[in-house]
Amino acid sequence: MREPILKAVAMPPKIFLAPMLPALLNMVLQFPAMFIMMGIYHVNPLMFVVTIAIGHFILIIYGAKEPHLSAMVQAFGKAPKTSQNMYKVKGAKFAP
């Protein structure tokens, strides 16, 4: 029996050819930096359009190599925690 391939798995969402979550993270990091630099140092915001475009272009390149980059970002840091042993012993003894 043939199973249909789900579109969300086969084709992850993208924003202007870049994976969605890294592209949003790029904007979330760039916009506050832009407003801080505009407020403190009176920097022209057009300079940040160039940095946002460069960051987005890099994400497009990485997204072409690894299409599931958004899933990798979501899974980052979700590794299981190591358990604490109740008794001092050498090695990995997994006592509850």
Side-chain angles (χ1 to χ4, degrees):
M1 182 170 167
R2 292 182 56 135
E3 299 269 339
I5 297 174
L6 300 175
K7 186 177 179 182
V9 174
M11 297 176 56
K14 296 185 179 229
I15 297 177
F16 301 117
L17 301 176
M20 186 171 76
L21 192 59
L24 290 176
L25 287 174
N26 180 33
M27 288 192 294
V28 163
L29 294 174
Q30 292 274 349
F31 279 127
M34 177 180 69
F35 289 124
I36 289 170
M37 295 294 277
M38 283 172 45
I40 296 174
Y41 302 112
H42 303 290
V43 175
N44 189 354
L46 291 177
M47 181 182 79
F48 284 94
V49 172
V50 174
T51 62
I52 291 171
I54 290 170
H56 196 78
F57 183 70
I58 291 170
L59 287 174
I60 290 171
I61 292 171
Y62 280 129
K65 290 181 183 176
E66 180 58 54
H68 296 283
L69 197 58
S70 293
M72 291 171 59
V73 170
Q74 286 176 344
F76 182 74
K78 289 187 179 179
K81 304 266 190 254
T82 58
S83 65
Q84 294 288 333
N85 294 333
M86 289 180 65
Y87 311 107
K88 288 271 190 195
V89 292
K90 268 189 170 176
K93 307 283 188 207
F94 297 109

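Predicted model, so just to flag it, every value in this text is computed and none were measured.
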*Asks:* Between CD1 of Ile52 and CG of Leu29, what distance do you get to the nearest 0.5 Å?
*Replies:* 10.5 Å

*Asks:* What heavy-atom pair brings Gln74 and Leu21 nearest, and what distance separates the two atoms?
*Replies:* CG-CD2, 3.5 Å

*Asks:* To the closest 0.5 Å, what do you measure between CG (Leu46) and OG1 (Thr51)?
*Replies:* 11.0 Å

*Asks:* Measuring only between side-chain heavy atoms, which start at C-beta, is Ser70 closer than 4.5 Å to Pro22?
*Replies:* yes

*Asks:* Does one hydrophobic cluster hold both Ile40 and Phe35, with members joined at side-chain heavy-atom distances below 4.5 Å?
*Replies:* yes

*Asks:* Please give me the minimum heavy-atom distance between Pro12 and Pro67, naming the atom from each residue.
*Replies:* CG-O, 3.2 Å

*Asks:* In terms of hydrophobic clustering (I, L, V, M, F, W, Y; side-chain heavy atoms under 4.5 Å; direct or indirect links), are Val43 and Met27 co-clustered?
*Replies:* yes

*Asks:* If hydrophobic clusters are built by linking Ile, Leu, Val, Met, Phe, Trp and Tyr wherever their side-chain heavy atoms come under 4.5 Å apart, do Met72 and Leu24 end up in the same one?
*Replies:* no

*Asks:* Report yes or no: do Tyr41 and Met47 belong to one cluster of Ile/Leu/Val/Met/Phe/Trp/Tyr joined by side chain heavy-atom distances under 4.5 Å?
*Replies:* yes

*Asks:* Are any non-hydrogen side-chain atoms of Phe16 and Ile60 less than 4.5 angstrom apart?
*Replies:* no

*Asks:* Would you kindly confirm whether Phe31 and Ile15 end up in one hydrophobic cluster when ILVMFWY residues are joined by side chain heavy atoms under 4.5 Å apart?
*Replies:* yes

